[in-house]
Amino acid sequence: SFSEFIEEELKPFINGKYRTKDDATLVGFSFGGLFALHALFERNDVFDRYIIGSPSIEWDEEVLFREEAEYAKHNDDLDKVVYLSVGGLEGYGTIPRVYEMYELLLSRKYPGLRVKVELLEDETHMTAINATVMRGLRSVLYSDPKYSSAK
C-alpha cells in the first residue's frame, strides 16, 4: 500500500539522505487529503502532524467516517496535531463534511489531540491548496492558540 511505501521506503530514504528529526508531517489536499485522513485513522504511527485540505470525504460513500468510527471503537486517544481546511467557495458538500469531521473528532475528547479547522474564505477547490500548505505548516509547527482539544 501507499502507506507502507511511505513508512518502509520513503521515510528511511529521506532520513538516510538528510538530517531529520523523529517528527513527521503529512500534507494532503483533495484526494491527498482523503489519504491523509485515512492515514490518521489507519496508520497514525507514521506521522505526528497532519495538514489536511479539502479532503474528498464524500468519496466511497464517506468511508472516512466509518474508518473514524472504527478507530474510536478501539482507541481512547489520538495524540496528533491536525489542521483541517476547506475553501469557502467550494461546492459538493465539502464544507459541511470537513466541519462534521472536525466536530466528530472534538466529540471523542481524545486527550492528546490538537485539532483546528479553517475556512479559507475566498478560495475555491483549485486555489485553496497554497493557503492550506502555508497556513497549515504555520499551524502545526508553531504554537497556535486556535487549536481545540479535549483537555
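When a residue number appears, it is its place in the shown sequence, counting from 1.
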Donor-acceptor pairs are to be reported for all side-chain atoms of residues 24-35 against protein atoms at under 3.5 Å, with residues two or more places apart or in another chain.
{"from": "Ser30", "atom 1": "OG", "to": "His125", "atom 2": "NE2", "distance (Å)": "2.9"}

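- With rounding to the nearest 0.5 Å, the separation of CE in Met101 from CG in Leu106 is 12.0 Å.
- If you take CG on Leu113 and CG on Leu78, they are separated by 5.0 Å, rounding to the nearest 0.5 Å.
- Remark: Phe5 CZ to Glu8 CD distance equals 10.5 Å, nearest 0.5 Å.
- When all heavy atoms of Asn44 and Tyr50 are compared, the closest pair comes out as CA-OH, 3.4 Å.
- When each of Leu141, Val133, Thr132 is tested with Ile51 by the rule side-chain contact (heavy atoms from CB on, under 4.5 Å), just one qualifies, namely Thr132.
- At distances below 3.5 Å, at least one donor-acceptor pair connects side-chain atoms of Lys11 with backbone N or O atoms of Val46.
- In the hydrophobic cluster analysis, where Ile, Leu, Val, Met, Phe, Trp and Tyr join through side-chain heavy atoms closer than 4.5 angstrom, Leu84 is grouped together with Ile95.
- A heavy-atom distance below 4.5 Å is found between the side chains of Val86 and Tyr99.
- The one candidate from Leu40, Asp23, Ile6 that meets the side-chain contact (heavy atoms from CB on, under 4.5 Å) condition with Phe47 is Ile6.
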| Can you list the steps and then say if Phe65 with Glu100 is a side chain to side chain contact (heavy atoms under 4.5 Å, CB included)? | CA-CA 9 Å; Phe65 286 104; Glu100 184 178 347; 3.8 Å; yes
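- Screening residues 76-86 for salt bridge (Lys or Arg N to Asp or Glu O under 4.0 Å) gives no qualifying pairs among residues at least two apart or on separate chains.
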Listing, residues 53-62 side-chain donor-acceptor contacts under 3.5 Å, not counting sequence neighbours, or none:
{"from": "Ser54", "atom 1": "OG", "to": "Glu90", "atom 2": "OE2", "distance (Å)": "2.3"}
{"from": "Glu62", "atom 1": "OE1", "to": "Arg97", "atom 2": "NE", "distance (Å)": "3.4"}
{"from": "Glu62", "atom 1": "OE2", "to": "Arg97", "atom 2": "NE", "distance (Å)": "2.6"}

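- Remark: side-chain polar atoms of Ser139 are not paired, donor with acceptor, to backbone N or O of Gly136 under 3.5 angstrom.
- Ile129 and Met134 are not part of a single hydrophobic cluster, where members link through side-chain heavy atoms under 4.5 Å apart.
- Across every non-hydrogen atom of Tyr83 and Arg135, the tightest pair is OH-CB, 3.4 Å.
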| Are Tyr142 and Leu137 close enough, and set up right, to give a side chain to side chain contact (heavy atoms under 4.5 Å, CB included), and what steps lead you there? | CA-CA 8 Å; Tyr142 301 103; Leu137 286 171; over 6 Å; no
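- Taking CD1 of Ile52 as the start and NE2 of His38 as the end, the distance is 12.0 Å to the nearest 0.5 Å.
- Residues Val98 and Met126 fall into different hydrophobic clusters, defined by Ile, Leu, Val, Met, Phe, Trp and Tyr side chains chained together at heavy-atom separations under 4.5 Å.
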